[in-house]
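Notes follow the structure.
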Amino acid sequence: MNHPKNEWRLEQQRVDRVIREIDRRLTLLNREASGVKSDIVDIRRNFWEDVRVNFSNDVEIHETVASINQQARVLSERERRHQSVQKQIDTLKKLKYSPYFGRIDFTENGEEKEQIYLGIASLIDEQNDEFLIYDWRAPISSLYYDYPPGPARYRTPAGTIEGVIHLKRQFLIRNGLIESLFDTGITIGDELLKEVLGKQSDSQMKSIVATIQKDQNRIIRNEHSRLVVVQGAAGSGKTSAALQRIAYLLYRYRKTLRAENILLFSPNPMFNRYVSTVLPELGEENMQQTTFQELLERRLGKTLALEDPFSQIEYTLTAINEPGYEARMEGIRYKASRKFMELLDRYFSFLEHGKLKFRDIPFRNGTIIPADEIQQHFASLDPSIPLTNRISLLTQRLVAELKQLAKKEEKKTWVEDEIQWLDKSDYIRADQQLLKEKHFTDETFDDTEREQKLLARIVVQKQIKRSIQFVKHLRYLDSLALYRQLFADPDFAGNELGIENLPEQWPAICRQTVAKLDQRKLFYEDATPYLLLKTRLEGIRTNTSIRHVFIDEAQDYSPFQFSFIKRIYPRCKMTILGDFNQAVFAHVPVNNNLNMLSSLYGSEQTEMFELRRSYRSTCPIIRFTRHLVENKDAIEPFERPGEKPTVTEVSKRADLHEQLMGRIDVLKKAGYKTIAVICKTARESRMACEALEKKAPFPVQQIRKETVQYQPGVLVIPVYLAKGIEFDAVIIYDASEKQYSRKNERKLLYTACTRAMHALHIYCLGRMSPFIATAPKDTYMKDNR
């Protein structure tokens, strides 16, 4: 909507007023920051001069410690103040660049009309007690996202406020100048979205608070659900909404919730870096970030070698002609299923009434308590006691027995040999103990004999301590052997556990699993089931400080993984985001969806959301890519103009590389910052990168599974590492029939194509994939070379 010059001028005058107030605040804060920093420097420089140090007696020592602590507290307080002031300065600098992005005129029932301007943080004119800017997370700000002009309401901690919106206005302000200004009758005007989405990508995600949609706002502000599940099309803003939700929670519960109480599970380390700037842009600290593989490594990596999910998917995509491939694939699917969870439940019940497997308890270079004896101790316990309690009782008994055995060891000849190798500090300790015993007893004894006994005790205690720790950490319980027992005999599951309808390839699956376990290695599909069994036997280390868990790319998680996350974070609420059109891992059933997750906490504590509209790509790209999946009607394009994708078939690999170089050159001249050549596998990525590097006069980055970050430019990446990330332009290296024709490769191709924001160019070494061929011919441009 066009606005009269006078109205535009009045809005600019208000922006100027706000910036003057920001400058005034910045002057005061910079002055304060300088003073506080000077205090910190002085305190550090004169720290020991201001501390009274005297260690002559206990009283003086106490006063010295108190003096040091007092000075340290003063320094700590000044450092915290400096950090707080600097945070305010950073926020005000962002506000000065773009003070706000929206305005609503709202009349609360029975009150006067109020003009409400929304930005990334609040700003109050303290002289007039007037809100110049409202934080986008404030309760009243939800009106902007949820309602057009007309009757509206919003919730506050004190209750619901009702009234009328008279005006909704959107701004584009850069460097303190209004670049565009328009009124709208919908939640967020297309003009603003097109301007924001039309920008070029770089290596990090940006905040979207100015363009949050109504359905995203419901996700962001949900406070009542224990579990929030979001199924969203590629580019629908799932991850962005999740990060804004974190910012909202930190604002809403700022007195009780800190960034360290929130944990994000992301698909790979590079994604962690990609999203790392969003919260700091909003003035919040980053939440904790991890991957599920890192969680597995922390729990199991010290004793076992773990396959990672990217090695697993690389195998599934490249080893199709290798012996045992079909059995491995069936094993991957079965071990991630609820049927296998039921099998493990039955196995645990079996173990409660059967025999566990134990290891010998080591002592020096031998055994001090053999596994058979531990088995006898365990068998003597009341079987009606829960298994974990029996293991706890067994542990206590073994520790007590080790302490008794230690006394017997003190009299053995090996101890005398070891005494001569003791440290000087051990002799001093023995002498001190001897003096103490003389002081507290009237008895007379041979000092030499008594010292020898004390030294013998020191020798034995050093050795027995390792055995006691072995027991306390439950390493005498052979969890790996118990997991192996499930597969050692293919008939065990059917005969002993009564499991029916085992996979057709079950005997081969068992052989593969046992061979891996005997190398003390775990397939990726075995890691979580094994860890769940292990924790059910040994108990689990929980983390009660985590209050919110966010899981991105949730379609790649198995029921085992969701169950385990719930167990280790028992106090958390969960927000789970995914898109089953991008479910590229082999364990995900073809027709699965996120609705199954309601069983985690029950339907009454779960709220499901679906985001259908895709914003990442231009309209022509979305109109093409939605035909690559079967449920194309669940994906709605946003009307952002652009060029149609191109599909080029070439017959020779040398010609493919020549054309790729030509295309990259055109895209670079067009000003695109991030150009991704997306390959099917890491193997193909290596080959493509080597070929391009030989021809390219510019750097080519190869993205590997261990890559943490990338720089704007040209990069080559396997599709499964590109998940969750977007690029200005995407080139599909080879989308031929040979590469993408199996049913499980359809979603892989869709995922690759939907990484593109502005340009998508598909190359095929030979005939194009049948999934592309099914797309209407008017949705892409075919270029035969």
How long is the gap from [atom1] on [X] to [atom2] on [Y], to the nearest 0.5 Å?
{"X": "H758", "Y": "E726", "atom1": "NE2", "atom2": "CD", "result": "8.0 Å"}
{"X": "R626", "Y": "L628", "atom1": "CZ", "atom2": "CG", "result": "11.5 Å"}
{"X": "I212", "Y": "Q244", "atom1": "CD1", "atom2": "CD", "result": "5.0 Å"}
{"X": "Y147", "Y": "K214", "atom1": "OH", "atom2": "NZ", "result": "6.5 Å"}
{"X": "F523", "Y": "I509", "atom1": "CZ", "atom2": "CD1", "result": "10.5 Å"}
{"X": "D552", "Y": "K723", "atom1": "CG", "atom2": "NZ", "result": "9.5 Å"}

Less than 4.5 Å apart, side chain to side chain, heavy atoms only: is that true for [X] and [Y]?
{"X": "Y780", "Y": "H627", "answer": "no"}
{"X": "L486", "Y": "L344", "answer": "yes"}
{"X": "E630", "Y": "K743", "answer": "yes"}
{"X": "S266", "Y": "T291", "answer": "yes"}
{"X": "I675", "Y": "K668", "answer": "yes"}
{"X": "M287", "Y": "F550", "answer": "no"}
{"X": "I551", "Y": "F562", "answer": "yes"}
{"X": "R663", "Y": "T646", "answer": "yes"}

[X] (side chain) donor-acceptor with [Y] (main chain) under 3.5 angstrom:
{"X": "Q216", "Y": "S236", "result": "yes"}
{"X": "R623", "Y": "P637", "result": "no"}
{"X": "S563", "Y": "F560", "result": "no"}
{"X": "E330", "Y": "Q505", "result": "yes"}
{"X": "T707", "Y": "R704", "result": "yes"}
{"X": "R221", "Y": "L249", "result": "no"}
{"X": "E649", "Y": "C764", "result": "no"}
{"X": "E684", "Y": "K680", "result": "yes"}
{"X": "R640", "Y": "R616", "result": "yes"}
{"X": "E553", "Y": "P267", "result": "no"}

**Request:** Take R686 and E314 through the salt bridge (charged side-chain N to carboxylate O under 4.0 Å, His left out) test and state the conclusion after the steps.
**Result:** CA-CA 13 Å; R686 286 193 296 272; E314 190 74 12; 5.3 Å; no
For this session: Please confirm whether K566 makes a cation-pi placement over Y601, using NZ or CZ under 6.0 Å from the six-membered ring centre and within 45° of the ring normal.
Result: yes
With sequence neighbours left out, the residues meeting side chain to side chain contact (heavy atoms under 4.5 Å, CB included) with K339 are Y334, S337
Worksheet entry | Exercise: do S558 and K335 side chains pair donor with acceptor under 3.5 Å | no
Tell me yes or no: between the side chains of E737 and Q739, is some donor less than 3.5 Å from an acceptor? no
[X] [atom1]: over 12 foreign heavy atoms closer than 6.0 Å:
{"X": "E500", "atom1": "CD", "answer": "no"}
{"X": "E643", "atom1": "CD", "answer": "no"}
{"X": "R683", "atom1": "CZ", "answer": "no"}
{"X": "E504", "atom1": "CD", "answer": "no"}
{"X": "R767", "atom1": "CZ", "answer": "no"}

Classify the angle between the aromatic ring planes of [X] and [Y] as parallel (below 30°), tilted (30 to 60°) or perpendicular (above 60°).
{"X": "F727", "Y": "Y710", "result": "tilted"}
{"X": "F310", "Y": "Y720", "result": "parallel"}
{"X": "Y315", "Y": "Y325", "result": "tilted"}
{"X": "Y557", "Y": "F292", "result": "perpendicular"}

Indicate the atoms forming the closest heavy-atom contact of [X] with [Y], along with that distance.
{"X": "P529", "Y": "F340", "answer": "CB-CE2, 3.7 Å"}
{"X": "I621", "Y": "A759", "answer": "CD1-N, 3.8 Å"}
{"X": "I678", "Y": "A752", "answer": "CD1-O, 3.5 Å"}
{"X": "S685", "Y": "P718", "answer": "OG-N, 3.2 Å"}
{"X": "T606", "Y": "G602", "answer": "OG1-O, 2.8 Å"}
{"X": "A233", "Y": "I635", "answer": "CB-CG1, 4.0 Å"}

*Look at E307 together with R328 and state whether they make a salt bridge at an N to O cut-off of under 4.0 Å.*
yes
Got a salt bridge between D526 and K516, using NZ or NE/NH1/NH2 to carboxylate O under 4.0 Å?
no
Using salt bridge (charged side-chain N to carboxylate O under 4.0 Å, His left out), reason through R613 and D215 one step at a time and then give a plain yes or no.
CA-CA 10 Å; R613 203 176 193 195; D215 48 3; over 6 Å; no
I'd like a table of donor-acceptor pairs (distance under 3.5 Å, sequence neighbours excluded) in which one partner is a side-chain atom from residues 575-585, with atom names and distances.
unit_1	atom_1	unit_2	atom_2	d
T575	OG1	R245	NE	3.0
D579	OD1	Q231	NE2	3.1
D579	OD1	N581	N	3.0
D579	OD2	A234	N	3.4
D579	OD2	Q582	NE2	2.9
N581	ND2	N631	OD1	3.3
Q582	OE1	R755	NH2	2.9

| query | Stepwise, does the side chain to side chain contact (heavy atoms under 4.5 Å, CB included) test hold for L343 with L502? | reply | CA-CA 10 Å; L343 185 152; L502 286 163; 4.1 Å; yes
With sequence neighbours left out, the residues meeting ring-ring contact (aromatic ring centres under 6.0 Å, His included) with F771 are none
request  = Please assess L611 against I219 for the test side chain to side chain contact (heavy atoms under 4.5 Å, CB included), listing each intermediate value before the final yes or no.
outcome  = CA-CA 10 Å; L611 302 177; I219 296 166; 4.0 Å; yes
Show, in sequence, the C-alpha distance, side-chain angles and deciding distance for I320 and R742, and conclude whether the side chain to side chain contact (heavy atoms under 4.5 Å, CB included) test is met.
CA-CA 11 Å; I320 188 169; R742 294 187 296 170; 2.9 Å; yes
- Query: Is there a side chain to side chain contact (heavy atoms under 4.5 Å, CB included) between Q213 and Y615 once you walk through the steps?
  - Reply: CA-CA 11 Å; Q213 303 296 290; Y615 300 97; 3.2 Å; yes
